[in-house]
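One structure is given here, and the rest of the page talks about it.
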Amino acid sequence: MPISSFSRPGVQVVRSALLVLAVVTLGACHLERSGLGPAFGRVTPVEYCPGDTLTASYDFLVSETCRAGADCTGPNVDVSSAPAIFTTRRLTGFTNSFTFPAPAASRVSFTFQSDRMPVRIPTSRTMPDGVVIDLDRSFTNPAIVGAALFPGNTRMISHDGLCTGPTASYAITELPGPPTTSARIRPTQVCNTSSVATVVTFSGDDASLTWAMPLAIGQCAPLPAAITAGARRVTAFPQTPDPFARCSALDGGTPPQSLRSSVTFACSP
């Protein structure tokens, strides 16, 4: 009898076994796949001051948790920098981080290289029938991000006119701060660049930390040291109410004209 006649039953047995295995695997786990995400690594603060401590980190879990009893070791991620400010670091796990001193370089590029992509996460979520869910997360790999030494600058801030019911008001702007920028980047001066005289107000998380300064058109003023350290927000309003504003609780009406300020920032000593 030809050899092929003897081999066919064995091939059929193998195919059947693979089919059973596939069914068992699919029955034991539901697999989800995410779309391609952005760079998975990050370095904070992105704008740093001399003497700062920076943090390199990544997080594949995001809002997920790894289920108990599963393999939660995660991938290996190699982190390097250019110019080289530390030797290449290997991190392991679905999330990890390390800190390092701020470099003297004015700009640094960081590369996060994962040993696998997508990254499969055995989540703690389940289907309605109790089947566990695995998630394949895909990100740009390698992830390349940058950070730079803050040189000090002046930023234009728009205080948009608003109607809060029948009352004219102005938008509050959050000042730059952690985690994106260094906690030592602070406002040092404000100028009124509006076409009308204004009152500019800086405030902090502590309700008692508030500083208001009336400014003529084009006038500048330095901020007191006690305010620069704790200022978190800035807003402005005109010294004379906008005569063309028509705010209404019924239809919103016409908001007041927006105002503008320029704020100078610098790294604190």
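With values rounded to the nearest 0.5 angstrom, Cys163 atom SG is found 11.0 Å from Arg246 atom CZ. Taking CG of Asp52 as the reference point, atom OG of Ser182 lies at 3.5 Å (rounded to 0.5 Å). Annotation: the span from Arg186 atom CZ to Cys49 atom SG amounts to 9.0 Å, rounded to 0.5 Å. Rounding to the nearest 0.5 Å gives a distance of 9.5 Å between CG of Leu91 and OG of Ser57.
Side-chain rings of Phe40 and Phe60 approach one another, their centers coming within less than 6.0 Å. For an aromatic pair to be called close, the ring centres must be under 6.0 Å apart, and Phe139 with Phe112 fails this. Remark: aromatic rings of Phe237 and Tyr170 are distant, center separation not under 6.0 Å. Ring to ring, Tyr58 and Phe94 are not that close: their centroids are 6.0 angstrom or more apart.
Using a distance-only test at 3.5 Å, with no hydrogens or angles considered, a donor-acceptor pair links the side chain of Ser258 to the main chain of Gly161. Not a single donor-acceptor pair under 3.5 Å links the side chain of Arg89 to the backbone N or O of Val79. At distances below 3.5 Å, at least one donor-acceptor pair connects side-chain atoms of Asn192 with backbone N or O atoms of Ala216.
At least one side-chain heavy atom of Pro187 sits less than 4.5 Å from a side-chain heavy atom of Leu175. At least one side-chain heavy atom of Val234 sits less than 4.5 Å from a side-chain heavy atom of Ile157. The side-chain heavy atoms of Arg120 and Leu31, taken from C-beta on, include a pair separated by under 4.5 Å. The shortest side-chain heavy-atom distance between Thr111 and Ser80 falls under the 4.5 Å cut-off. No side-chain heavy atom of Phe265 sits under 4.5 Å from any side-chain heavy atom of Thr188. Contact of the Asp205 side chain with the Arg233 side chain is registered, since non-hydrogen atoms from C-beta on lie closer than 4.5 Å. Considering only heavy atoms from C-beta on, Val119 stays 4.5 Å or farther from Asp136 through its side chain. Proximity of Arg155 to Pro176: side-chain heavy atoms (C-beta onward) are separated by under 4.5 Å at one or more points.
Nearest heavy-atom pair, Pro255 versus Cys247, reported as atom, atom and distance to 0.1 Å: CA-SG, 4.3 Å. Closest non-hydrogen pair, Val145 versus Ala39, comes out as CG1-CB, 4.3 Å. Closest approach of Ala147 to Val43, counting heavy atoms only: CB-CG1, 4.3 Å. Leu54 approaches Pro103 most closely through the heavy-atom pair CD2-CD, 4.3 Å. Annotation for Pro75 and Asp115: closest pair CB-OD1, 3.4 Å, computed over non-hydrogen atoms. Summarising the geometry of Thr254 relative to Phe244, their closest heavy-atom pair is CG2-O, 4.0 Å, with the distance given to 0.1 Å.
Side-chain atoms of Thr173 and His159 form no donor-acceptor pair, as typed in the model, at a separation below 3.5 Å. Ser124 and Thr65 share a side-chain donor-acceptor pair at under 3.5 Å. Side-chain N/O atoms of Ser262 and Thr193 include no donor and acceptor closer than 3.5 Å. No side-chain donor from either of Thr88 and Asp78 sits under 3.5 Å from a side-chain acceptor of the other. Checked by atom type, the side-chain pair Asp59/Thr95 shows no donor-acceptor distance below 3.5 Å.
Taking 4.0 Å as the cut-off between side-chain N and carboxylate O, Glu64 and Arg125 count as a salt-bridged pair. Comment: Arg67 engages Asp134 in a salt bridge, judged by a side-chain N to carboxylate O separation of less than 4.0 angstrom.
The aromatic rings of Phe86 and Phe98 lie perpendicular to each other, with more than 60° between the two planes, well past the 30° mark.
Within a 6.0 Å radius of CZ in Arg107, other residues, nucleotides and ligands contribute 12 heavy atoms or fewer. Atom CD of Gln189 has more than 12 neighbouring heavy atoms from other residues, nucleotides or ligands inside a 6.0 Å radius. The number of heavy atoms from other shown groups lying within 6.0 Å of CZ (Arg137) is above 12. More than 12 heavy atoms of other residues, nucleotides or ligands lie within 6.0 Å of CG in Leu61, so this atom counts as buried by the packing criterion.
Leu149 and Ile185 fall into different hydrophobic clusters, where Ile, Leu, Val, Met, Phe, Trp and Tyr side chains are chained together by heavy-atom contacts under 4.5 Å. Under the 4.5 Å side-chain contact rule for hydrophobic residues, Val263 and Met213 share a cluster. In the hydrophobic clustering of ILVMFWY residues, with side-chain heavy atoms under 4.5 Å counting as a link, Ile227 and Val199 come out apart. In the hydrophobic cluster analysis, where Ile, Leu, Val, Met, Phe, Trp and Tyr join through side-chain heavy atoms closer than 4.5 angstrom, Leu215 is grouped apart from Val196.
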**OP:** Output, in order, the C-alpha distance, side-chain angles, deciding distance and verdict of side-chain contact (heavy atoms from CB on, under 4.5 Å) for Phe150 and Val46.
**Re:** CA-CA 9 Å; Phe150 182 70; Val46 174; over 6 Å; no
Subject >> Step-by-step side chain to side chain donor-acceptor pair (under 3.5 Å) determination, Thr154 to Thr264 >> reply: CA-CA 4 Å; Thr154 298; Thr264 301; 3.0 Å; yes
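Between Val200 and the choices Pro214, Ser261, Cys191, the side chain to side chain contact (heavy atoms under 4.5 Å, CB included) rule is met once, by Ser261. Paired with Gln113 under the rule side chain to side chain contact (heavy atoms under 4.5 Å, CB included), one option of Asn141, Val77, Asn76, Ile144 passes, and it is Asn141.
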